[in-house]
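Read the structure below first, then the notes.
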Amino acid sequence: MIILSIESSCDETSVSVTREREILSNIVSTQIAEHRIYGGVVPEIASRRHTEAISAVCDEAVRAAGVTYDELDAIAVTFAPGLIGALLVGVNFAKGLAMSLNIPLIPVHHLRSHIAANYITNKELKPPFLCLTVSGGNTIITEVRDYTKFEPIGATFDDAAGECFDKTARCLGLQYPGGVTLDKIATVSDFKKYPLPYPKSPAGEYDFSFSGLKTAVINLVHNATQKGEEIDIPVLAATVRERVCDMLITNTLKAAKDKGHKTLCLAGGVSANSELRRRMEEECEKEGITLYYPELKYCGDNAAMVGVQGYYEFLSGNTAGADLNAAATLPINYR
Ligand code: KG4
């Protein structure tokens with residue numbers, strides 16, 4: 001079954017052609033350079049750029065896959081959660097394409113597709129497993145009971161881990177998306193110089209909270225600036241990364257042990273973090289847990305993961321009509 005999939009939930013316009021778990025093409029047109037001057041994604045600009053790019057990106061994906069539009073069996077599209085204007089561009093384009101080709105339309109939940117990025121690289125992987133999904137907008141621990149059966153058991157109480165990385169990085173003068181740069185410069189392991197708090201969630205035992213850490217960094221930098229003191233940026237970056245990784249790893253491993261999972265996956269943009277991968281590998285090895293994560297190119301937003309999850313959604317009977325709408329928020333177990 002050949003699926004053309006579309007992703008436009010944030011600042012990447014991406015179209016892919018997939019056959020089950022096989023990627024025939026995956027074109028990603030990123031808007032990062034444009035949003036960089038604002039230090040974050042500007043929703044209205046994102047929607048406009050998706051509108052301008054989507055048609056050409058789609059043609060390029062079909063051409064690169066070596067197929068014709070007539071050979072497509074279905075159209076999959078990210079419909080939630082995300083920036084509403086940005087999602088609507090993809091959803092409306094997908095609806096028009098599915099209707100004109102008279103083929104099924106498959107709605108795909110953004111976080112489900114991040115999890116599915118693991119199926120691309122790890123051919124042997126199949127549910128059940130536990131997954132930590134960490135991105136710019138979400139931090140969530142999910143029991144993946146089957147390809148389309150999800151049980152969220154922990155999530156962030158306030159900011160996502162990626163938001164915490166991006167905003168502290170901005171405060172240190174690093175370019176958007178700061179998480180990437182912060183990871184690169186955090187090469188030291190002196191965690192005593194800056195007494196940042198260890199984040200703790202006031203909610204459930206597998207939940208997260210990162211806003212206190214973000215505020216602590218912002219206050220620390222402002223105080224130092226007022227006193228004319230210089231900040232040791234690599235040390236502060238490494239300390240932030242250590243605190244975030246600690247919280248992510250502690251809660252996820254506790255959940256894995258409590259729920260008896262021997263297979264664990266990482267997903268989302270922040271799963272590219274080198275320290276998170278290294279420490280999680282170490283801890284999983286100690287606990288006899290098999291760890292999977294996506295190839296770096298499938299960690300951030302891309303349409304290939306939408307096509308792969310779309311295939312399983314189609315098998316479970318999840319298709320939509322011309323009345324499909326986008327949604328800014330939607331739980332992963334919505335269906
Ligand atoms: O999954 P994604 O591309 O978009 C969302 O759906 O949010 O994730 C983007 C997030 C940004 O916050 C970015 O800073 C973060 O992923 N990120 C990283 C790294 N690479 C990307 N954060 C920490 N370390 C990295 N290496």
Side-chain angles (χ1 to χ4, degrees), residues 7-14 26 28-32 35-36 38-41 43 46 50 78-84 86-87 90 108-118 120 131-140 155-156 159-172 174-187 208 210-211 213-214 217 234 237-249 265-280 293-306 309 328-330 332:
E7 155 62 33
S8 69
S9 66
C10 191
D11 58 349
E12 262 91 33
T13 316
S14 180
N26 182 41
V28 182
S29 165
T30 183
Q31 309 170 359
I32 284 178
H35 296 289
R36 189 163 275 155
Y38 304 102
V41 178
H50 285 308
T78 308
F79 77 109
L83 300 174
I84 192 68
L87 286 166
V108 179
H109 189 285
H110 185 54
L111 297 184
R112 292 186 180 196
S113 64
H114 267 305
I115 294 172
N118 281 284
I120 301 171
C131 187
L132 168 69
T133 310
V134 244
S135 65
N138 296 277
T139 302
I140 179 172
T156 182
D159 292 335
E163 155 82 9
C164 180
F165 277 138
D166 290 344
K167 292 301 180 314
T168 55
R170 184 166 80 180
C171 184
L172 297 177
L174 309 175
Q175 280 195 329
Y176 172 82
V180 187
T181 325
L182 189 140
D183 190 21
K184 279 193 192 128
I185 63 164
T187 48
F208 305 95
F210 296 106
S211 71
L213 177 61
K214 182 179 82 175
V217 175
T239 313
V240 171
R241 188 178 65 174
E242 193 254 354
R243 300 293 197 268
V244 171
C245 288
D246 246 37
M247 178 90 176
L248 294 175
I249 293 167
C265 290
L266 301 179
V270 180
S271 70
N273 188 270
S274 60
E275 189 65 2
L276 178 63
R277 287 178 176 225
R278 189 190 65 76
R279 283 182 56 190
M280 200 64 117
Y293 35 73
E295 240 178 285
L296 283 179
K297 65 179 170 186
Y298 298 123
C299 286
D301 291 345
N302 68 88
M305 65 188 193
V306 180
Q309 182 60 26
T329 58
L330 188 73
I332 193 166

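Atoms within a ligand are numbered from 1 in the order they appear, just like the ligands themselves. When reading the values below, keep in mind they use all heavy atoms of this one structure, side chains included, and skip hydrogens, waters and symmetry mates.
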Fill in: ligand 1 atoms in contact with Gly162 (distance to a heavy atom under 4.0 Å)
12 (O)
Fill in: Separation between CD of Gln309 and CZ of Arg112, rounded to the nearest 0.5 Å
6.5 Å
Discussion item. Looking only at distances, can you tell me whether any N or O atom of Gly179, backbone or side chain, sits closer than 3.5 Å to an N or O atom of ligand 1?
Written reply: yes
Discussion item. Please report whether ligand 1 has a polar contact with His114, defined as an N or O pair separated by less than 3.5 Å (distance criterion only).
Written reply: yes
Worksheet item: What atoms in ligand 1 come closer than 4.0 Å to a heavy atom of Gly300?
Response: 3 (O)
Item to complete: Quick one: list whatever passes ring pair (Phe, Tyr, Trp, His ring centres under 6.0 Å) with His50, sequence neighbours left out.
Response: none
Discussion item. Under 3.5 Å between any N/O of Asn273 and any N/O of ligand 1: does that happen in this structure?
Written reply: yes
Worksheet, complete the sentence: CD of Glu12 to CD of Glu7, rounded to nearest 0.5 Å, is 8.0 Å
Item to complete: Using a strict cut-off of 4.0 Å, indicate which atoms of ligand 1 neighbour a heavy atom of Gly137.
Response: 7 (O)
Discussion item. What I want to know is whether Gly269 and ligand 1 share at least one N or O pair that is separated by under 3.5 angstrom.
Written reply: yes
Item to complete: Using a strict 4.0 Å cut-off to heavy atoms of Phe165, name the atoms of ligand 1 that fall inside it.
Response: 22 (N), 23 (C)
Worksheet item: Looking at residues at least two apart in the chain, or sitting in another chain, which of them share a ring pair (Phe, Tyr, Trp, His ring centres under 6.0 Å) with Tyr298?
Response: none
Discussion item. Can you give me the closest heavy-atom contact between His110 and Ser113, atom names plus distance?
Written reply: O-OG, 2.7 Å
Worksheet, complete the sentence: heavy-atom search around atom 7 (O) of ligand 1 in the protein gives Gly136 N, 2.8 Å
Worksheet item: Which residue holds the protein heavy atom closest to atom 15 (C) of ligand 1, what is that atom called, and what is the gap in Å?
Response: Val270 CG2, 3.8 Å
Discussion item. Please check whether Ser274 reaches ligand 1 - meaning an N/O of the residue sits under 3.5 Å from an N/O of the ligand, judged on distance alone.
Written reply: no
Worksheet, complete the sentence: Interatomic distance, OG1@Thr30 vs NE2@His35, rounded to 0.5 Å, equals 8.0 Å
Worksheet item: Judged by non-hydrogen atoms, does His110 sit under 4.0 Å from ligand 1?
Response: yes
Response to the item:
Rounded to the nearest 0.5 angstrom, the CG-CG distance for Leu330 and Leu87 is 10.5 Å
Worksheet item: To the nearest 0.5 Å, what is the distance between NE2 (His114) and CG (Asp301)?
Response: 4.5 Å
Response to the item:
Among Ala169, Ser135, Ser113, closest by heavy atom to atom 5 (C) of ligand 1 is Ser135
Worksheet entry | Atom pair CD (Glu242) and CZ (Arg279), whose distance is rounded to the nearest 0.5 Å | 5.5 Å
Worksheet item: What atoms in ligand 1 come closer than 4.0 Å to a heavy atom of Pro177?
Response: 14 (O)
Worksheet item: Which bit of Glu12 is near ligand 1, meaning a heavy atom under 4.0 Å away: side chain, backbone, both or neither?
Response: neither
Discussion item. Side chain, backbone, both or neither: which applies to Asp166 and ligand 1 if a contact is any heavy-atom pair less than 4.0 Å apart?
Written reply: side chain
Worksheet, complete the sentence: Tightest non-hydrogen contact, residues Gly179 and Asp166, listed as N-OD1, 3.0 Å
Item to complete: Provide the closest heavy-atom pair for Cys131 versus Leu266 in the form atom of the first, atom of the second, distance.
Response: SG-C, 4.3 Å
Worksheet, complete the sentence: Ranked by distance from atom 2 (P) of ligand 1, the top protein heavy atom is Asp301 OD1, 3.7 Å
Discussion item. Using a 4.0 Å heavy-atom cut-off, which part of Asp183 comes near ligand 1: side chain, backbone, both, or neither?
Written reply: side chain
